[in-house]
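This one's a predicted model, so the numbers in the text were calculated from it and none came from an experiment. Letters A, B, ... mirror the listed sequences (proteins, then strands); counts begin at 1.
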There are 2 protein chains.
Amino acid sequence: MNRQAQGLFISGDWKRESHGPLYLQLQTHIEKAIETGRILHGDPLPSEREIAAMTGLSRVTVRRAVQELARRGLVVQKPGSGTFIAPEMQKVEQSLSTLTSFSEDMARRGNSVQSRWMEKGIFAPSPEETMVLGLASTDMVARVSRLRIADNVPMAIERATISTRFLPDPDLVTDSLYAQLDRLGNKPVRAIQRISAANLGRTDADLLEVGEGAAGLNIVRVSYLQSGKVVEFTRSVYRGDAYDFVAELKIGNNDDADKAQ
Amino acid sequence: MNRQAQGLFISGDWKRESHGPLYLQLQTHIEKAIETGRILHGDPLPSEREIAAMTGLSRVTVRRAVQELARRGLVVQKPGSGTFIAPEMQKVEQSLSTLTSFSEDMARRGNSVQSRWMEKGIFAPSPEETMVLGLASTDMVARVSRLRIADNVPMAIERATISTRFLPDPDLVTDSLYAQLDRLGNKPVRAIQRISAANLGRTDADLLEVGEGAAGLNIVRVSYLQSGKVVEFTRSVYRGDAYDFVAELKIGNNDDADKAQ
DNA sequence: AAGTGGTCTAGACCACGCG
DNA sequence: GCGTGGTCTAGACCACTTC
């Protein structure tokens, strides 16, 4: 077992630094130990049973504290192995005013990019897809879903749907979806994007390697051609701890600003 | 107790519709009951002890399922009273390309708006505030924090900091912060906004009346005067289930996207 | 006073990783 | 095979709301 984590709970004063339920006191105690660098990123935490013994709490209570930290991403629990302090994660910034691709974002940061294909093919559209893409009843759609990975860390899940009229053969999409659309002369020129937050479900959390219930950014994007037709309908889920969306806002109706300029 | 929820767990087949851990099976079972309208919004769920008795599970296991639903906001737990299906929540849209105020957003939807003041006064700046606002070492800041409420539902927490050079008397801020800044000739003309998702901590979750760990949108906004000086530094936390940010994107540099990997 | 959710315990079995 | 996290149980006390 690791030595530095040993002294964390023996002192007996870990209780007094907080108040309220025991599991919360323990939780904030561990949290502070991580923040102050008393335990280093990547290091293992003592096992739940050990912490229980050291603190005099039951394992259930210890577990509750650790689980909450895991849900927040400060800590990673590995069955059969142990619990480890999560590696530090610097947020990626993405502009909200220009349409950039994932590959672009990452390349700018000098990170290695990988994609794991999850689905790529022609399908019958769902009712939602039919509506959003404005399809005729006989139209089919191409779906390309992939897990986006940067430096071996899964960052986002992308689920794109395109009418086969604009993308007849999804297998030709190898790297950038936009690159392929461009080759076909169907590159979008504008898009509407909706951003909201939600707790990740089991499936998505597992893919992104975070705890179930961790916060994620849901992004729904609809892209338009110059002609105004809808090309692409993409639902993405980003890790909340890995992404930061940046937008520049301008004042709506402001007479003073106009005059001053 | 309510009658319609009675039959939910007696059948004995609630287990077979799912697989995996019992608490997950129960969780998805209740979830479906809500989705399909088998239990109505606002109705009470049977008590944890009752569900335990009906399903043959222990209360701990039942509790785990219910708690997860509470964290997701599908259900509200009221100590001493019971657990209730949460009222349906329609999302509010907010544009990301124009700077609008909360009051504006809500007024457009025809909702009643309230604010609960949490902090309003002059303070010594934190290191972060000093840096972001570009303060001299002797400068003081005005802080105005409030809980934003629409139709009696808490929607967001707003914590704004302004240098006293631009807002000498925060007590004069009654409704819109921007309105007051405008009166003083210090209305911002542009802003940079960062959006990310995170699980809500105890304090914020309590204020927003959602479960601890529910997903929230963190928004940090820095507003600029025409002169380029920083006026305002605001950190807001929005309920993930209540807000939807909308952005319109334009294609930046087309060629870069193709080349980027 | 009775019932509710909130917390906590002690003990158990499982599947899995690792040496 | 041993230790880990993952799940589950039965029973307990508390603070609170409701009647």
Side-chain angles (χ1 to χ4, degrees), chain A residues 1-2 5-6 14-15 18-30 43-71 73-86 202 205-206 209-213, chain B residues 1-2 5-6 14-15 18-30 43-71 73-86 202 205-206 209-213:
Chain A
M1 191 226 300
N2 57 324
Q6 282 288 36
W14 66 270
K15 263 190 173 182
S18 181
H19 43 81
L22 295 174
Y23 75 92
L24 261 185
Q25 296 183 30
L26 179 59
Q27 190 180 306
T28 59
H29 181 256
I30 299 177
D43 278 1
L45 216 57
S47 84
E48 295 173 356
R49 287 168 181 83
E50 277 175 338
I51 297 180
M54 291 190 277
T55 55
L57 300 173
S58 76
R59 193 188 149 204
V60 179
T61 305
V62 171
R63 186 167 173 67
R64 189 163 170 187
V66 174
Q67 258 185 325
E68 172 62 23
L69 293 175
R71 228 170 33 73
L74 277 85
V75 131
V76 183
Q77 290 169 303
K78 300 193 178 173
S81 171
T83 302
F84 304 85
I85 311 299
R202 187 87 161 201
D206 285 348
E209 292 176 14
V210 294
E212 185 181 359
Chain B
M1 192 229 298
N2 57 324
Q6 283 286 38
W14 65 270
K15 263 190 173 183
S18 179
H19 43 82
L22 296 174
Y23 75 92
L24 261 184
Q25 296 183 30
L26 179 58
Q27 189 181 307
T28 58
H29 181 256
I30 299 177
D43 278 1
L45 217 56
S47 85
E48 295 174 356
R49 287 167 181 84
E50 278 175 336
I51 298 181
M54 289 190 277
T55 56
L57 299 173
S58 75
R59 193 188 148 204
V60 180
T61 305
V62 171
R63 188 167 171 65
R64 188 161 171 189
V66 174
Q67 258 185 325
E68 173 62 23
L69 294 175
R71 227 171 32 74
L74 277 86
V75 133
V76 182
Q77 291 168 303
K78 300 195 179 174
S81 171
T83 302
F84 304 84
I85 311 300
R202 186 85 161 205
D206 284 349
E209 293 175 14
V210 294
E212 185 182 1

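- Taking A:R59 as the reference, A:E48 meet the salt bridge (Lys or Arg N to Asp or Glu O under 4.0 Å) condition, with sequence neighbours excluded.
- Residue B:Q77 has a polar side-chain atom (N or O) positioned under 4.0 Å from OP1 or OP2 of C:dG6.
- Using a 4.5 Å heavy-atom cutoff, the side chains of B:L22 and B:L26 are not in contact.
- For C:dC8, neither phosphate oxygen OP1 nor OP2 lies less than 4.0 angstrom from any side-chain nitrogen or oxygen of A:S58.
- Regarding B:K78, its NZ atom lies at a distance of 16 Å from the C1' atom of C:dG3, rounded to whole Å.
- The side chain of A:L57 lies closest to C:dT9 when the candidates are D:dT9, C:dT9, D:dG5.
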Q) What string of B, S and - do you get for nucleotides 11-19 of chain C 5' to 3' if you count protein non-hydrogen atoms under 4.0 Å? A) BBB--BB--

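- Rounded to whole Å, atom C1' of D:dG6 lies 13 Å from atom CD of A:E212.
- Looking at residues 61-71 of chain B, you'll see B:T61, B:R64 sit with a heavy atom under 4.0 Å from some atom of DNA chain D.
- Looking at residues two or more places apart in sequence or on another chain, you find a side-chain hydrogen bond (donor to acceptor under 3.5 Å, both in side chains) between A:S58 and A:T61.
- The side chain to side chain contact (heavy atoms under 4.5 Å, CB included) check on A:A70 picks up A:V75, A:Q77, with sequence neighbours excluded.
- For the salt bridge (Lys or Arg N to Asp or Glu O under 4.0 Å) test, no residue two or more places apart in sequence or in another chain qualifies with A:R64.
- Scored by the salt bridge (Lys or Arg N to Asp or Glu O under 4.0 Å) test, A:R49 finds no partners at all (sequence neighbours excluded).
- Straight-line distance from the CG atom of B:D206 to the C1' atom of C:dG6: 13 Å, rounded to whole Å.
- Partners of B:Q27 according to the side chain to side chain contact (heavy atoms under 4.5 Å, CB included) rule, which considers only residues two or more places apart in sequence or in another chain, are A:E212, B:Y23, B:L24, B:E31, B:A65, B:E68, B:L69, B:R72.
- Remark: P of D:dC8 and OH of B:Y23 are 7 Å apart, rounded to the nearest angstrom.
- At its two ends the helix from C:dA1-D:dT18 to C:dC18-D:dG1 runs along axes set 0° apart, each axis drawn from five pairs and the angle rounded to 10°.
- Atom-to-atom, CD of B:E48 to P of D:dT9 comes out at 14 Å; the value is rounded to the nearest Å.
- Within the 4.0 Å cut-off from OP1 or OP2 of D:dT4, at least one side-chain nitrogen or oxygen of A:S47 is found.
- Straight-line distance from the CZ atom of A:F84 to the P atom of D:dG3: 16 Å, rounded to whole Å.
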